[in-house]
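Written out below as structure tokens is the structure these notes cover.
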Amino acid sequence: MKLDEALNLSVKSIDREIEHIVKLDKDVPRSSVIARGITQLVRSGGKRVRPLMVLVGSRFGPSPDKGKLLRLAAAAEFIHAASLIHDDVIDNSPMRRGQPALHMQFGVQEAIHIGNYMSARVIELISIYSAERERYAYDLSSIATTQLCIGEYQQLSHAFDYNQTLDDYLAKSKNKTAQLIASCLKIGALAAKATNETAELLYTFGEKLGLSFQIRDDILDFTSSSQQLGKPAGSDLRQGQVTLPVLYALEDPELAPLIRSIGPASSAEEVELVLAAITASGALERAESLSQQFLGEAEAIILQLADYPAHQDLRVLLNYFAGRSY
Ligand code: FPP
Ligand code: MG
């Protein structure tokens, strides 16, 4: 079953709201690169996990306002999509969701304009909810985007830095991946007037899911084919990303010098050799175990929210992130 069906939500209504934003935008003609780029991006797929999480969060509050929640959900997708446009330019990654990345279709400059426009527009779109009483909307439009940028910068500034620690890795992963997922649940909850305590528990739940997801994503870079990933396998190591499996493998005194020898000028063969050595070292299993630990911690939070019928939806999300049967 698809995630939206399992949650009894409709991705179509989220997509309609996103397209609405583009259609109603008087500053951008429908035929412009910006409007075409955004429309194309939205139609290119994606599971709308973040918007769905906004809507799930709202089930923990007494007053969900459907229109407002759909706008917040669409805003969350806008922020996410804008970050991926920039990410693909930074990573020089030609493919996204099995199709040419936006910068390959429209050009790098155009893609950067589109990404900037989307993330700026989001602030304007939901500023109507940013009155003091509803500060959460500001948190989504502004703080979440800032954290994404900080996370991306942490990753960039630690490229080929084999001295970074597990704490560095987790801080980067929280900023780059987990906090947006966590914010979506929290913001949905606050928009429906849930208590702060419940919203914070939802945030922590989302953060654990996000960290588990990031670790899984790092492992996939070792275990999947280029075709499955939609980008060359082993890209992370080649680009100097010291992901969790690499950190664990660096603890092996025999492996460490080999890993540390990898730099921007390393050949494809050298990278292949190190990828194989890390895979054989047991580091992927250790990383998987930390990913599972985060899922376990998330599960414990569901128990704390068991009085809400919507806690079942958290279980659906947990299973989804665990890669089980949805
Ligand atoms: C995917 O990383 C990228 C992110 C989760 C966020 C990237 C954030 C920015 C580039 C900051 C700019 C954002 C805005 C809105 C101005 P990945 O490369 O590990 O994953 P991938 O395999 O999906 O590319
Ligand atoms: Mg990338």
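All ligand and atom numbering here is 1-based and tracks the order in the structure. In what follows, every heavy atom counts, from backbone to side chain, and hydrogens, waters and symmetry copies are set aside. The structure presented is a predicted model; accordingly, all values stated were derived computationally and were not measured.
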Can you confirm whether Lys176 sits close enough to Gln154 that some side-chain heavy atom of one is under 4.5 Å from a side-chain heavy atom of the other? no

Should the proximity of Gln241 to ligand 1, defined as any heavy atom under 4.0 Å, be assigned to the side chain, the backbone, both, or neither? neither

Measuring from atom 11 (C) of ligand 1, which candidate in Ser119, Cys149, Ala120 has the nearest non-hydrogen atom? Cys149

Does Arg48 pair with Asp4 as a salt bridge, N-O distance under 4.0 Å? no

Charged N-O contact under 4.0 Å between Glu152 and Lys172: no

Does Glu251 CD have over 12 foreign heavy atoms under 6.0 Å away? yes

N/O separation below 3.5 Å, Thr177 to ligand 1: no

Which is it for Asp91 and ligand 1 at heavy atoms under 4.0 Å: side chain, backbone, both or neither? side chain

Measure from atom 7 (C) of ligand 1 to every heavy atom in Glu152, Met95, His80 and give the option owning the shortest one. Glu152

Does any N/O atom on Gln155 come nearer than 3.5 Å to any N/O atom on ligand 1? no

Output yes when Arg50 and Glu77 qualify as a salt bridge under the 4.0 Å nitrogen-oxygen rule, no when they do not. no

Which atom name does Asp87 have for its N/O/S atom nearest to the Mg ion (ligand 2)? OD2

Regarding atom 4 (C) of ligand 1: of the candidates Lys176, Gln239, Gln214, His86, which has the closest heavy atom? Lys176

Touching ligand 1 at all, Met118? Heavy atoms, strictly under 4.0 Å? no

Step by step, work out the side-chain hydrogen bond (donor to acceptor under 3.5 Å, both in side chains) result for Tyr169 and Asp218. CA-CA 11 Å; Tyr169 169 82; Asp218 293 346; 2.4 Å; yes

Write the atom name of the N, O or S atom in Asp91 that is nearest the Mg ion (ligand 2). OD2

Sidechain N-carboxylate O distance under 4.0 Å for Arg16, Glu19: no

Does the N or O separation between Asp87 and ligand 1 drop below 3.5 Å for any pair? yes

At less than 4.0 angstrom from any non-hydrogen atom of Thr145, what atoms of ligand 1 do you find? 15 (C)

Using a distance-only test with no angle check, is there a side-chain donor-acceptor pair under 3.5 angstrom linking Gln214 and Ser173? no

